[in-house]
Each structure stands twice: as C-alpha cells, then as structure tokens.
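We're numbering straight along the sequence, starting at 1.
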Amino acid sequence: MKKYMLLIIAYFVISLANAQESNSKAFMQAFKPHLGNYYEGTIIAGGKEGDGFTGKRLLMQVMRYSDSEVKVPFFVGDDKSRTWIFYLNNNLVELKHDHRKPDGNPDNITFYGGTATNEGTAEMQLFPADAATEELIDYAAFNVWWVTINETKFSYNLRRIGSERVFSVEFDLTKPISSDFKPWDNAK
C-alpha cells in the first residue's frame, strides 16, 4: 500500500510540474509552428508618410527557432536590415533588435531592447528599455516594446513613454506567403 501511495503522489507531482509550464516558455514555443514561414504585415498605429515604413511591403519570417532563441527578420520593402531576436534566460524573455548594413556588418545602432520584468503571458511579453539601450540611444530610455502572438496574429509594438511616439505592426499568421528574402546577416 505504501508503494502504491508513493506512485500516486509521484504521478501527481510530475503532472503538476508538467502542467505549470511558464508563460515565458509558452510564449517562445508559440513561434515553433511558424518556423520558416513568411507573413505580410500592416501598420495598425503610428504610421505616417515619410516614416520609412508607410507604403512599403512589410514582411516577417520566423527564421530560427530553439527553446532559448527565436530570430524573426522584419523586412521593410527591400530593406533587410532588421531582425528581432527573442532569448529565454532565467525564465524571462529578452528582446533585442539586430540591425545590419547591406554587407552584413552590424549597424552603429544595434542590439538594443530590454528584458521582461516578469513572465508576462503566453500570448504577450512586455520589454522596458534596458540600461544598454539607454547608453546606446539616450532618447530610447523610455521605450517600452510589447509583442503578442497567438494562433492568428503576431504584433510588434513600441511606445515611448512621455512622448507621442508609437508604432504597431500586425501580421496575419493564418496566411503564410511565399518569399525568398533573407536578412543581410544570413550567414550568421
């Protein structure tokens, strides 16, 4: 009887541990079904003529996926310089912006972003600007990015607290499209 009770307790402990997957980990795993796919996006807030985004084709691709790192290039027209990188460290998600020059070398302003201060939700993570971002781009010290992902859409959002600066782009994950775009850092 004692052995039977220990097996029951072990089963419930294992079941509980498996059921309590972190929101951070679930957020990262939401990218996995989209690996290799391209999606077209639409600016839903903050777009204006001359901003470098409005009027251009916006594409994203889930280019690389692992449990601890996801790379999502963001193409703006023919500009292949931007990649969003999500890292999972100590059960928190970090967002970094990798900007490249056409020859693949890092841009002068690159690898800015922030780390979520908590697990967020499985569908949304919030990233306040980190100290490295403030050092690199002083006016971005008040940036807050948030990213959402679910079965039907992905959104990337920026708000600069204390200003009118806002930018949001949304991608329809139900309609993958064909593309052969590769980011300028495709060798990395």
Side-chain angles (χ1 to χ4, degrees), residues 22-28 30-31 39-63 68-102 105-150 152-173 183-185:
S22 76
N23 287 331
S24 299
K25 194 176 262 188
F27 174 83
M28 295 289 283
F31 289 93
Y39 301 97
E40 197 156 6
T42 305
I43 296 173
I44 57 172
K48 60 184 178 195
E49 204 59 45
D51 63 6
F53 296 89
T54 300
K56 296 188 177 177
R57 186 177 195 202
L58 306 174
L59 292 178
M60 65 165 271
Q61 179 202 23
V62 179
M63 182 176 74
S68 60
E69 181 183 287
V70 176
K71 286 191 172 187
V72 180
F74 174 43
F75 307 112
V76 179
D78 290 331
D79 184 339
K80 302 174 182 182
S81 67
R82 299 169 181 86
T83 299
W84 299 312
I85 306 175
F86 300 92
Y87 300 100
L88 182 61
N89 294 313
N90 298 319
N91 206 34
L92 295 175
V93 180
E94 179 182 26
L95 166 66
K96 288 294 181 177
H97 298 77
D98 183 2
H99 287 260
R100 299 286 166 155
K101 297 177 183 177
N105 285 314
D107 194 87
N108 294 335
I109 298 183
T110 190
F111 278 97
Y112 58 89
T115 301
T117 58
N118 58 47
E119 284 189 27
T121 71
E123 293 187 355
M124 185 170 91
Q125 295 287 315
L126 182 72
F127 309 98
D130 57 22
T133 298
E134 179 182 14
E135 195 173 303
L136 185 64
I137 319 165
D138 61 347
Y139 58 85
F142 300 103
N143 281 5
V144 177
W145 296 271
W146 67 100
V147 173
T148 67
I149 187 168
N150 60 36
T152 62
K153 68 180 176 180
F154 169 90
S155 74
Y156 166 90
N157 310 274
L158 162 67
R159 175 79 174 161
R160 184 165 299 135
I161 305 301
S163 78
E164 297 299 312
R165 178 75 172 120
V166 64
F167 179 77
S168 293
V169 61
E170 188 173 275
F171 299 85
D172 184 346
L173 299 180
W184 288 337
D185 74 330

Note, [X] side chain near [Y] side chain (heavy atom, < 4.5 Å):
X	Y	result
Arg82	Pro73	no
Val144	Leu158	no
Met63	Pro183	yes
Asn108	Lys101	yes
Glu69	Phe86	no

**Report entry** Expected output: side-chain Gln125 to main-chain Thr121 donor-acceptor under 3.5 Å
**Finding:**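 A pair under 3.5 Å: yes.
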
What class does the angle between the rings of [X] and [Y] fall in, given that below 30° is parallel, 30 to 60° is tilted and above 60° is perpendicular?
X	Y	value
His97	His99	parallel
Phe74	Phe53	parallel
Tyr112	Trp145	tilted

Query raised in the report: Do you know the tightest heavy-atom contact between Leu58 and Val169?
Result: CD1-CG2, 3.8 Å

Query - Asp78 bridged to Lys80 by N-O distance under 4.0 Å - result: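 Salt bridge between Asp78 and Lys80, a charged N being under 4.0 Å from a carboxylate O: no.
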
**Report entry** Over 12 non-hydrogen atoms of neighbours within 6.0 angstrom of CZ in Phe142
**Finding:** no

**Report entry** Pair Trp146 + Phe127: ring centers closer than 6.0 Å
**Finding:**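 When the ring centroids of Trp146 and Phe127 are compared, they turn out to be at least 6.0 Å apart.
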
Query raised in the report: Under the side chain to side chain contact (heavy atoms under 4.5 Å, CB included) test, which residues partner Val166, sequence neighbours left out?
Result: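 Once residues adjacent in sequence are excluded, the partners of Val166 under the side chain to side chain contact (heavy atoms under 4.5 Å, CB included) criterion are Arg159.
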
